[in-house]
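Okay, structure first, notes after.
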Amino acid sequence: MSDPTYPPLDVLKPVAFGLWIVDSGPIHAAGLPLPVRMTVVRLSDGGIWLHSPTRYDADLHREIEALGPIRHLVAPNVTHWTYLREWQRHCPQALTWAAPNLRERRQVRQAGVRLDRDLGDAAPPEWFDDLTQVVVPGGFGFREVAFFHTASATLILTDLILNLEPGKLPPLLRPLLRIAGATAPDGRAPIYLRLVVRLRKHEAARAAAALVALSPERVLFSHGAWFDRNGTRELRRSLRWLIG
């Protein structure tokens with residue numbers, strides 16, 4: 001049976017100074033098993049920033065707290081919020097930051113997820129010295145907030161790139177996902193998301209161009225093999241559907 005994940009799961013993996021990832025999953029979206037990834041940043045004030053928190057694990061929590069106090073939980077788009085409530089329960093002191101329009105979602109309100117602050121194009125004072133952020137818009141209320149970790153020149157995305165490795169996928173799905181442009185080494189945004197983002201094409205293209213202009217050395221995202229080198233080149237290739 002194919003395993004789409006990246007073991008070991010639910011443990012910190014160093015990427016650069018002050019930057020880690022946590023691989024987890026699988027989760028299921030439209031019947032497709034997907035790996036999922038959280039990004040962990042230690043801010044210059046010593047606090048810990050969790051981007052797109054994955055499933056809660058007590059051992060992982062202790063491992064992260066050894067780096068510093070968890071002060072920020074970030075839901076970077078309108079779909080990556082599922083595990084927030086459990087992290088909130090165990091980290092009551094942390095602020096929860098929400099992508100634009102997330103608090104309007106009925107599922108979020110029904111789940112009782114607390115959303116403390118809304119994210120925008122400007123980084124808040126809490127991490128202004130460490131992270132730059134850009135909102136990528138789409139239709140039907142979709143927004144994804146991208147972050148650039150200045151110290152490591154790392155771009156942190158969520159769903160704007162899906163780069164699934166064919167060898168980790170069920171054989172029958174491999175050709176379909178390749179045609180959809182979601183497989184490595186040529187991963188892009190999933191086709192449904194490309195359609196949604198194109199509804200705000202001009203604004204989204206400006207945002208995408210701003211991301212490329214940051215010249216990242218590496219690019220992290222939630223699903224699939226992330227770009228650990230040649231980040232700007234790989235990002236430009238993955239976003240060619242939007243910025244040409």
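R89 and E86 are joined by a salt bridge, as a carboxylate oxygen and a charged side-chain nitrogen come within less than 4.0 angstrom of each other. R206 and E203 are not joined by a salt bridge, as no carboxylate oxygen comes within less than 4.0 angstrom of a charged side-chain nitrogen. E126 and R117 are joined by a salt bridge, as a carboxylate oxygen and a charged side-chain nitrogen come within less than 4.0 angstrom of each other.
In this structure, T232 contributes its side chain and P216 its backbone to a donor-acceptor pair below 3.5 Å. Checked by atom type and distance alone, the side chain of R85 pairs as donor or acceptor with a backbone atom of A111 at under 3.5 Å. Between the side chain of R218 and the backbone N or O of S152, at least one donor-acceptor pair lies under 3.5 Å. The backbone N or O of R143 lies less than 3.5 Å from no partner atom in the side chain of N77, so there is not a single donor-acceptor pair. Between the side chain of R194 and the backbone N or O of A189 there is at least one donor-acceptor pair closer than 3.5 Å. A distance-only check finds no donor-acceptor pair linking the side chain of N163 to the backbone of G224 [under 3.5 Å].
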- request: Using the side-chain contact (heavy atoms from CB on, under 4.5 Å) rule, take W97 and W127 through it: C-alpha gap first, then chi angles, then the decisive distance, then the call.
  value: CA-CA 12 Å; W97 300 77; W127 60 73; 3.4 Å; yes
task: Could you check Y56 against W87 for ring pair (Phe, Tyr, Trp, His ring centres under 6.0 Å), going step by step and ending with a plain yes or no?
output: CA-CA 6 Å; Y56 180 82; W87 282 95; 4.9 Å; yes
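In this structure, R200 places its CZ atom where more than 12 heavy-atom neighbours from other residues, nucleotides or ligands lie under 6.0 Å away.
Not counting sequence neighbours, the partners of D45 by the side-chain contact (heavy atoms from CB on, under 4.5 Å) test are L43, R71. Take Q110 and apply the side-chain contact (heavy atoms from CB on, under 4.5 Å) test, not counting sequence neighbours, and it matches R106. Residues satisfying the side-chain contact (heavy atoms from CB on, under 4.5 Å) test with Q107, not counting sequence neighbours, are W81, R105.
Closest heavy-atom contact between L119 and F147: CD1-CZ, 4.1 Å. Heavy-atom minimum distance, H51 versus L157: CE1-O, 3.5 Å. Summarising the geometry of P26 relative to P4, their closest heavy-atom pair is CB-CG, 3.9 Å, with the distance given to 0.1 Å.
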Side chains of residues 9-18: which donor-acceptor pairs under 3.5 Å do they make with residues two or more places apart or in other chains?
{"residue": "D10", "atom": "OD1", "partner": "S24", "partner atom": "OG", "Å": "2.7"}
{"residue": "D10", "atom": "OD1", "partner": "R55", "partner atom": "NE", "Å": "3.4"}
{"residue": "D10", "atom": "OD2", "partner": "R55", "partner atom": "NE", "Å": "2.9"}
{"residue": "D10", "atom": "OD2", "partner": "R55", "partner atom": "NH2", "Å": "2.9"}
{"residue": "K13", "atom": "NZ", "partner": "Y6", "partner atom": "O", "Å": "2.7"}
{"residue": "K13", "atom": "NZ", "partner": "P8", "partner atom": "O", "Å": "3.0"}
{"residue": "K13", "atom": "NZ", "partner": "D23", "partner atom": "OD2", "Å": "2.8"}

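The side chain to side chain donor-acceptor pair (under 3.5 Å) analysis of residues 171-180, with sequence neighbours excluded, yields no pairs. Residue pairs meeting the salt bridge (Lys or Arg N to Asp or Glu O under 4.0 Å) criterion with at least one partner in residues 179-191, sequence neighbours excluded, are D186-R237, D186-R240.
Note that CG of L67 is 5.0 Å distant from CD1 of I48, once rounded to the nearest 0.5 Å.
Side-chain atoms of E217 and T154 include no donor-acceptor pair closer than 3.5 Å. If you check the side chains of D159 and H223, you find a donor sitting under 3.5 Å from an acceptor. Looking only at atom types and distance, the side chain of D129 has no donor-acceptor partner in the side chain of S44 under 3.5 Å away.
If you chain together hydrophobic residues whose side chains sit under 4.5 Å apart, L195 and V197 never meet in one group.
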